[in-house]
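Below is one structure, written out as C-alpha cells; comments come after it.
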There are 2 protein chains.
Amino acid sequence: MKKTGPEAKLLVVDDEPNIRELLSTSLRFAGFEVVSAANGRDALAAAELHAPDLAVLDVMLPDMDGFTVTRKLRASGKHFPVLFLTAKDDTEDKVTGLTVGGDDYVTKPFSLDEVVARIRAVLRRTQPLLDDDAVIRVDDLELDDDAHEVRRGGVVIELSPTEFKLLRYLMLNPNRVLSKSQILDHVWEYNFNGDASIVESYISYLRRKVDIDPDAPALIQTKRGVGYVLRTAEKR
Amino acid sequence: MKKTGPEAKLLVVDDEPNIRELLSTSLRFAGFEVVSAANGRDALAAAELHAPDLAVLDVMLPDMDGFTVTRKLRASGKHFPVLFLTAKDDTEDKVTGLTVGGDDYVTKPFSLDEVVARIRAVLRRTQPLLDDDAVIRVDDLELDDDAHEVRRGGVVIELSPTEFKLLRYLMLNPNRVLSKSQILDHVWEYNFNGDASIVESYISYLRRKVDIDPDAPALIQTKRGVGYVLRTAEKR
DNA sequence: GTGAACGTTCAGAAAACTCACAGACTCCGG
DNA sequence: CCGGAGTCTGTGAGTTTTCTGAACGTTCAC
C-alpha cells in the first residue's frame, strides 16, 4: 500500500496550534508530505511556494475566512482541491457549495481516520490516475469506501457509521495489535472524553456482525491486556 | 468517465464574482477547460485569444448585453454555440430565438448539474463527433437525456423535473455514497436555502416510482448517517 | 379563472445510533 | 482453586436520522 516517496503533498491551515500539530503529525504518518500555515496570508504564500496537491483548510481563520482564501487561490490559478474544516453548526448555512468541485468538508470535531479517508477520497476523485482501488481487502472481508459498504464472502454486512470506521481502522492495520487508546485516538472524535470501555462495546457489536460463523477462525481477536487484532488466515 | 485531456474549452462570462467562481469551479471539475470574463469587452477579447468551443454567457452584463456580445462574436467570424444565462422573469420574446441556432439557455438561479447537462447537450448537437451516448444506464434503469425519459426494464417512468435531476445525479455516481449536502449542491438551484430534509422527501418520491418491486433488490439505498447510494447489481 | 400537477415546508412517528453503566464471564498468577 | 484484572454484553436513556403524510404555494394548461 505504501508507495516509495510521499503519496501527495498537503497544505494544512488552522490557527489552533494543537489541531494544526495533530493534523500534521497524523497526516505525515499516513504517508503524506505536509506543510502547514496558521492563517490565510501564510496559506497563500505556502501554496505559491510548495504547490500542494490538496489543502486542508479551516473555514474560521483570524485574518480571512476559508472561502476567501480559496477564492484567492483560484484567482491566482491554483486549482487543487480543498478539504474544509467547519464547525458542526455551520452546516446548512455556509457549507453549501463546498461539494461542487472536487472539494469536500468535515465537521469539527473530527476523527483522524475520517480526515485521512476524506483526503484520499478527494484525491481519488480528482486525480484518478492512481488506481487506488478504494476497496480494502482482508481475507474474504471487503470494505468499499466509495459505496460505504462492507461484504464478507460477497454478502453485504450492515454497519453503523461508528462500526464502519472501527472496522476500517482494523482492516488498515491487519495483524497488528491496536490498543484501545490507539483505537480511540483514530476512530473517535479528537475531543471525545468518555473512557476506552466504549471500544469494547463496539468490538462486541462488530463481532456479532462480522464473525458470525462459529467454525471459521475469528477475524477479530482479543489480546488481553494489549488490545485487538484483525487476524488474516494466510499470515497464520 | 474522465478522458485524457479536457473535454472542451469553455468561456464563462458573468459579472457576479460568486457565480463566475461557482461555474468555473464546477465546470472545471466536470472535465472542461475554463476561461472566464466579467464583462462583454473582456469576453470578446478572451474569445479572440482562446477560441473556446462554447460560451456560457450572462445576458445581463454591465457594459453590453449578451445578445450584443453574441452579435459581435458572430460578426468577427466566431460561430461557437452559446449557452445564455437569463433571469427567470426575462420576457419570453427576448429569450425566444435563442434556441434556433445551436444555442440554448438556462434561467437563473440554475442548478449546477443542469448547466453541465445543457452544455453537454449543446456540444453533442453541434459537434456530433463525440459519441457521448446521452443515455445513462445502471442495471435495467436507463435515463435518456435527450428524450428526457427514464425507463426501468424498458417501461417508462414518469418523473417530475426535480425527481429527474436527482435520479440523474445518482446515476452519474453509481456505487458512490452521496451526502445530502452534496446532492443539494448539485441538484438544487444554487441559491436554495431550505435545509437538506428536502432531499429525504425527494428520495422518498423516487423510491416510490423507481423501486417498486419489493422482491428486486432496491437500487436506491440509504446509508444511515452518511447519505444515499445507487447500487448496481454487477458491482457484486 | 379554475383545476391539476408540481414543489416546498413542516411536524410527528418510527427507527437507528451512541454511549454509560453494571453484572457476568474469562483468563491467569499465585 | 481463588481472586482480581480485564473483557464481554445486555439494558436503557437520550439523541439523531429517516420517512411519511399533509398543508400550503406556485406554475401551467385549458
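Residue numbers start from 1 in every chain, and the chains themselves are labelled A, B, ... in the order their sequence lines are given, proteins ahead of strands.
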From [atom1] of [X] over to [atom2] of [N], roughly how many Å is that when rounded to an integer?
{"X": "His148(A)", "N": "dC17(C)", "atom1": "NE2", "atom2": "P", "result": "12 Å"}
{"X": "Phe164(B)", "N": "dA5(C)", "atom1": "CZ", "atom2": "C1'", "result": "18 Å"}
{"X": "Leu206(B)", "N": "dC19(D)", "atom1": "CG", "atom2": "P", "result": "12 Å"}
{"X": "Ile198(B)", "N": "dC19(D)", "atom1": "CD1", "atom2": "P", "result": "15 Å"}
{"X": "Leu184(A)", "N": "dT18(C)", "atom1": "CG", "atom2": "P", "result": "14 Å"}
{"X": "Leu166(B)", "N": "dC6(C)", "atom1": "CG", "atom2": "C1'", "result": "15 Å"}
{"X": "Asp211(B)", "N": "dC19(D)", "atom1": "CG", "atom2": "C1'", "result": "15 Å"}
{"X": "Glu189(B)", "N": "dT26(D)", "atom1": "CD", "atom2": "P", "result": "15 Å"}

Inset, instruction - Verify side-chain contact (heavy atoms from CB on, under 4.5 Å) between Phe110(A) and Leu85(A), making sure each step is shown before the conclusion. - result: CA-CA 9 Å; Phe110(A) 45 77; Leu85(A) 305 178; 4.0 Å; yes

Legend entry - Base-contact (B) and sugar-phosphate-only (S) positions in nucleotides 6-17 of chain D, heavy-atom cut-off under 4.0 Å, - elsewhere: BSBBS------B

Legend entry - Gln221(B) side chain to Ala218(B) backbone, donor-acceptor under 3.5 Å: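 The answer is yes, because a donor-acceptor pair under 3.5 Å joins these two groups.
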
Legend entry - Check: Ile220(B) main-chain N/O paired with Asp211(B) side-chain donor or acceptor under 3.5 Å: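 Judged by distance alone, yes, a pair lies under 3.5 Å.
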
Legend entry - Distance test, side-chain N/O of Trp188(A) to OP1/OP2 of dT18(C), below 4.0 Å: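 Checking dT18(C) against Trp188(A), no side-chain N or O comes under 4.0 Å of OP1 or OP2.
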
Legend entry - Phosphate OP1/OP2 of dC17(C) contacted by Thr162(A) side-chain N/O (<4.0 Å):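 No, because none of the side-chain N or O atoms of Thr162(A) sits under 4.0 Å from OP1 or OP2 of dC17(C).
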
Legend entry - Separation between CG of Asp103(B) and OG1 of Thr70(B), rounded to the nearest 0.5 Å: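 Spacing of CG (Asp103(B)) from OG1 (Thr70(B)) equals 7.0 Å.
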
Legend entry - Contact nearer the 5' end of DNA chain C, comparing Asp195(A) with Phe192(B):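 Nearer the 5' end of the strand: Phe192(B).
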
Inset, instruction - Using only heavy-atom distances, determine whether the side chains of Asp104(A) and Thr99(A) contain a donor-acceptor pair under 3.5 Å. - result: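 The criterion, which ignores hydrogens and geometry beyond distance, is not satisfied for Thr99(A) and Asp104(A).
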
Inset, instruction - For residues Leu166(A) and Val187(A), report the shortest heavy-atom separation together with the two atoms involved. - result: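 Shortest heavy-atom contact: N-CG1, 3.8 Å.
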
Legend entry - Which residues share a ring pair (Phe, Tyr, Trp, His ring centres under 6.0 Å) with Tyr205(A), sequence neighbours left out: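 Ring pair (Phe, Tyr, Trp, His ring centres under 6.0 Å) check on Tyr205(A) returns Tyr202(A).
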
